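Hydrogens, waters and symmetry mates play no part in the numbers below; they use all other heavy atoms, side chains included. Protein chains get the first letters and strands the later ones, always in sequence-line order, with residue 1 at the start of each. Everything numeric in this text was worked out from a predicted model, so none of it was measured.
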There are 2 protein chains.
Amino acid sequence: MTVHSPSPHASSKHTRVLLADDHELVRDGIRARLQKVPELEVVGEATNGRDAVNLALELRPDVLLMDVSMPVMNGLEAAMEIRKTRPDIAVLILSVYDNPEYVRGVVQAGARGYILKDISAAEMITAITSVASGGYYFSSAVGPTLVGANTSAPVEDPYGLTDRERQVLTAIARGQPNKEVAKDLGISVRTVESHRLNLREKVGNKNAAQLYKVAQDLGLLD
Amino acid sequence: MTVHSPSPHASSKHTRVLLADDHELVRDGIRARLQKVPELEVVGEATNGRDAVNLALELRPDVLLMDVSMPVMNGLEAAMEIRKTRPDIAVLILSVYDNPEYVRGVVQAGARGYILKDISAAEMITAITSVASGGYYFSSAVGPTLVGANTSAPVEDPYGLTDRERQVLTAIARGQPNKEVAKDLGISVRTVESHRLNLREKVGNKNAAQLYKVAQDLGLLD
DNA sequence: CATCTTCTCAGTAGTTCTACCGAGAAGTAC
DNA sequence: GTACTTCTCGGTAGAACTACTGAGAAGATG
């Protein structure tokens, strides 16, 4: 972790920013962008969530610009730590993955914004200014998630389900017992049971009630 | 409705703002605030939603800063109109009521932000810049609503469930088997079964998978 | 051709849930 | 007090699902 010397222009009008990302290249890029704006000052850098929390407590930045995925402690856990101890520090989550699904969790973790890697310099600065002034900022791509819509970008299947398994999952989530599913798909009940067990295995051994949630997350319902 | 003459400083870098509020005093205040920022230009004013839509189509502003409550057509309806015809115009909702309850509806109506009347000039400018640059901006007061907090308007229970039944339903939806639910609530498995059967009776004989949906609809989860 | 995955099906045993039955204790309403 | 609801608990039976096992057929991949 790194502590930067105060800039000679430091004043109360400046927004003090702490960077946290495990990729030096990304940090360099962000710093280069922010250096162009005199009102923004990068006061330190961290390479994991734990360091970010410690540095935030020490430096008390206005904004903590932090990647979600970092070693030791990820951005969400770090955001929760920050909220518990210093809720006045605005956490702005920078996701290198274009995954709006995180948004809810991010806000629940106490973050004040969520921006994507493909953001422009101008928008990144706007986002930092936004959270620094007390608001919430979200990249345009996360709109559907904000309104609770099923993103219609069906979410790439994180479980590696097969087509048949998806069919079975859909039917189960609709509330059909195995016997009906078997009838509808024209296969044996035992086969449906096999698929069902494989599903539970793949998605993490959740039961029937929770399979509904998985189906919903995958956009299989509606 | 009013159309302002182009400022002599107009350029592509400027953000063109259309104001919509039925109170002249509010419009004057906003205009006074925005005039201090050379990058922002108020290109017109409307006093109701219908005029706002018409003016927006004519002037094609970057941002439409609009009150929710207006005569003839309110801000939400106007926002929906705008989204249908010119989704590139960022609608920023200004609520004179401190009511974060609107937030979801506001975003669903196509708005890109929601700010409250007691906002500072600096934050208002930040908000306008945020939505103009393609992001979403929300005043800090709306945080609880953003995270999907149950906003204390828990969706009137259409099934007439009792408190205990809601508890059981919540646990079931989380995927807990009856035995665990019984342990957690300190009651017999048979009692949980009774509640479960009563639940199925009340909500329309849905099975475990579908009970998740009911619990979710009632806002019991999250 | 050998290998892998997917989809298919079955045996066996155990657990969990469903569907009825009935009933006592506690609190509220009239 | 009587009536009502809510919450509690039990018996019994059957249906449904879980948890292992193994395995054949079809298709893609190398």
Lys179(B) NZ to dT18(D) C1', straight-line distance once rounded to whole Å: 13 Å
Between Ser130(A) and Ser130(B): side-chain donor-acceptor atoms closer than 3.5 Å: yes
Approximate separation, where rounding is to 0.5 Å, of Thr129(B) OG1 and Ile125(A) CD1: 11.5 Å
Distance in angstrom units between Ile172(B) CD1 and dT18(C) P, rounded: 8 Å
Note, Met124(B) side chain near Ile30(B) side chain (heavy atom, < 4.5 Å): yes
Atom-pair distance (CG on Asn198(B); C1' on dC9(D)), nearest Å: 13 Å
Any donor-acceptor pair under 3.5 Å from Asn178(A) side chain to Val192(A) backbone: no
Short side-chain N/O contact from Arg200(B) to OP1 or OP2 of dC17(C), under 4.0 Å: no
Close approaches to DNA chain C from residues 181-191 of chain A, in residue order (heavy atom, under 4.0 Å): Ile187(A), Ser188(A), Arg190(A), Thr191(A)
Length of the CG-P vector between Leu197(B) and dT6(D), whole Å: 16 Å
Gap between atom CD1 of Ile89(B) and atom CZ of Arg83(B) - 0.5 Å precision: 14.0 Å
Side-chain donor/acceptor of Arg27(B) to backbone N/O of Leu19(B), under 3.5 Å: no
Distance (rounded to the nearest 0.5 Å) between Leu55(A) CG and Leu64(A) CG: 9.5 Å
Interatomic distance where CD belongs to Glu180(A) and P belongs to dC17(D) [whole Å]: 10 Å
Residue Pro177(B), side-chain atoms from C-beta onward, closest of dT16(C), dC17(D), dT8(C): dT16(C)
Closest-nucleotide 5' rank along DNA chain D - winner of Arg164(B) and Glu193(B): Arg164(B)
Salt-bridge present (Glu81(B), Lys84(B); N to O < 4.0 Å): yes
Rounded distance in Å - CD (Glu165(A)) to C1' (dC7(C)): 10 Å
Atom-pair distance (CG on Asp163(B); P on dT8(D)), nearest Å: 11 Å
Gap separating the CG atom of Leu116(A) from the CG atom of Leu94(A), nearest 0.5 angstrom: 8.0 Å
Protein-to-nucleotide contact annotation, 5' to 3' order, nucleotides 24-30 of chain C [B base; S sugar-phosphate only; - none; under 4.0 Å, heavy atom]: -------
Atom-to-atom span, NE2 of His195(B) to P of dT6(D) - whole angstrom: 11 Å
Pair Phe138(B)-Tyr136(A), ring-ring contact (aromatic ring centres under 6.0 Å, His included): steps then yes or no: CA-CA 5 Å; Phe138(B) 301 94; Tyr136(A) 288 80; 7.4 Å; no
Exercise: do Glu123(B) and Tyr137(B) side chains pair donor with acceptor under 3.5 Å: yes
Distance, nearest 0.5 Å, that separates CG of Leu199(B) from CD of Glu193(B): 13.0 Å
Asn178(B) vs dC17(C): side-chain N/O to OP1/OP2 distance below 4.0 Å: yes
Pair of N/O donor and acceptor under 3.5 Å linking dC7(D) base with Thr162(B) side chain: no
Angle of first-five versus last-five pair axes in the helix from dC1(C)-dG30(D) to dC30(C)-dG1(D), to 10 degrees: 50°
